[in-house]
Amino acid sequence: MNLPIYMDNAATTRTDPRVVEAMLPSFTETYGNPGSRNHAFGWESEKLIDKARAQAASLIGAGPKEIVWTSGATESNNLAIKGAAQMYAKAPAGSEGRGHIITAIIEHKAVLDPCKRLEREGFDVTWLEPGPDGIITAQMVKKAMRDDTILVTIMWANNEVGTINEVPEIGAACRERGIVFHTDATQWVGKMPTDVEKDNIDLLSWSGHKIYGPKGVGALYVRRRRPRVRLQAQMDGGGHERGMRSGTLNVSGIVGFGAACEICEQEMESERERLLALRLKMERELASRMDVVEINGHAERRLPHLTNISFGFVEGESLMMGIKDIACSSGSACTSASLEPSYVLKGLGLGDELAHSSLRLSLGRWTTEEEVDHAIDGIVEAVEHLRRLSPLYDLHKEGIDITTIEWQTH
Ligand SMILES: *Cc1c(COP(=O)(O)O)cnc(C)c1O
């Protein structure tokens, strides 16, 4: 077993060597610009793009013409959200009352920040809050809908806790009211079955590097029929991608993206089962070998490979220091000034202390049972060590509820 162990697959994945293999010829052999319509170099590259479009479309039940290539999920989200808001705005730029948008406080920054910008530009935004289970339900979305709602954007699965929102049901509610529905499916697609028709989706973002493909390439699904969805381009230029995203295509990246999609489609079922068993083992052992261990978010509505666990009575940074050979994420986010507790965990109602002492462990295609066992032992050892030094944990063991203690402050 090689150390450190990689358990941060929700942040990015190792590129599958089969994907790299598929990409290589596009650098030195098929290097034409797919936009070059008048020679064989261009045509050959265009063939590669068409193949990747079909592979990407097949993974989500779309048509190849409905795929728009981007630089990643951040760009896909920006294009979908700003592009739809500007296209379907009820009043011109510079005025108030341009339309209503529904999103949630637990979205990725790449959704929150475009929505905040639109709010500054005259759109009204409703920021839904989940309950402690972390789920955004169709009922919550329906209650927030107004006559002037033009766009709903709700992620499929959350990147920090792995909880799964009621996306097909939200899509159905939007379709009924003629509201455009976008989902950031970056953590979902490739891991879980997806069908944009059955799931009632108009716009869907995903990214190469979260599905064992290369970094810097993504896709946006844009519905073409029943109903046709139109977007205002965010990048002006040569009018590539049906006018929605100008710029010479990243041929190698797109070839890799397509290959990654095809492998995910083929191996999804077995992969899901294998990772689910490993994740359940990890949760079960950590929760049974120690007390005050909380698995965050809904117990069942969650991705197979991702868990987020809080360990009471340990300090977050010390915990990270104690598990140096396990690469994972903590419930703290580095901002320029300080270590802030995760806004997603706070959104689920966790206090700052518990958010800081949380770990996000995300397994992937190359995670072995041996690695999982090593990680379990390492985390138990680190938590127990820190608790041996904690006077608060001593009080807890004596049965004293520390929330009732009146601390002497002077
Ligand atoms: C990783 C991630 C993104 C950003 O994707 P990039 O391709 O890195 O821009 C957006 N949303 C979610 C949910 C993610 O997990």
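In each ligand, atom 1 is the first atom listed, and ligand 1 is the first ligand listed.
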query = Heavy-atom count around Gln232 CD within 6.0 Å, excluding the residue itself: above 12?
reply = yes

ask   = Do any nitrogen or oxygen atoms of Met155 come within less than 3.5 Å of a nitrogen or oxygen of ligand 1?
value = no

ask   = Taking N or O atoms only and a 3.5 Å limit, does Ser207 qualify as a polar contact for ligand 1?
value = yes

message = Under a 4.0 angstrom heavy-atom cut-off, which atoms of ligand 1 come close to Ala73?
response = 3 (C), 4 (C), 5 (O), 6 (P), 7 (O), 9 (O), 10 (C)

request  = Show which atoms of ligand 1 fall inside a sub-4.0 Å distance from at least one heavy-atom site of Gly72.
outcome  = 7 (O)

What's the shortest distance from [atom] to any protein heavy atom, and which residue and atom give it?
| atom | value |
| --- | --- |
| atom 3 (C) of ligand 1 | His108 NE2, 3.5 Å |
| atom 8 (O) of ligand 1 | His209 NE2, 2.8 Å |
| atom 4 (C) of ligand 1 | Thr74 OG1, 3.6 Å |
| atom 11 (N) of ligand 1 | Asp184 OD2, 2.7 Å |

ask   = Is any side-chain N of the basic residue among Asp148 and Lys90 closer than 4.0 Å to the acidic one's carboxylate O?
value = no

ask   = Is a salt bridge present between Arg242 and Glu66, judged by a nitrogen-to-oxygen distance below 4.0 Å?
value = no

query = Just checking, any donor-acceptor pair under 3.5 angstrom between side chains of His209 and Thr12?
reply = yes

query = ligand 1 versus Lys210, non-hydrogen atoms closer than 4.0 Å: side chain, backbone, both, neither?
reply = side chain

inquiry  = Using a 6.0 Å distance limit plus a 45 degree cone around the ring axis, check whether Arg37 lies over the aromatic ring of Trp43.
reply    = no

ask   = Do the two ring centres, one from Phe313 and one from His396, sit under 6.0 Å apart?
value = yes

request  = Going by the side chain to side chain donor-acceptor pair (under 3.5 Å) test, name the single residue among Gln234, Glu121, Arg98 that passes it with Gln86.
outcome  = Gln234

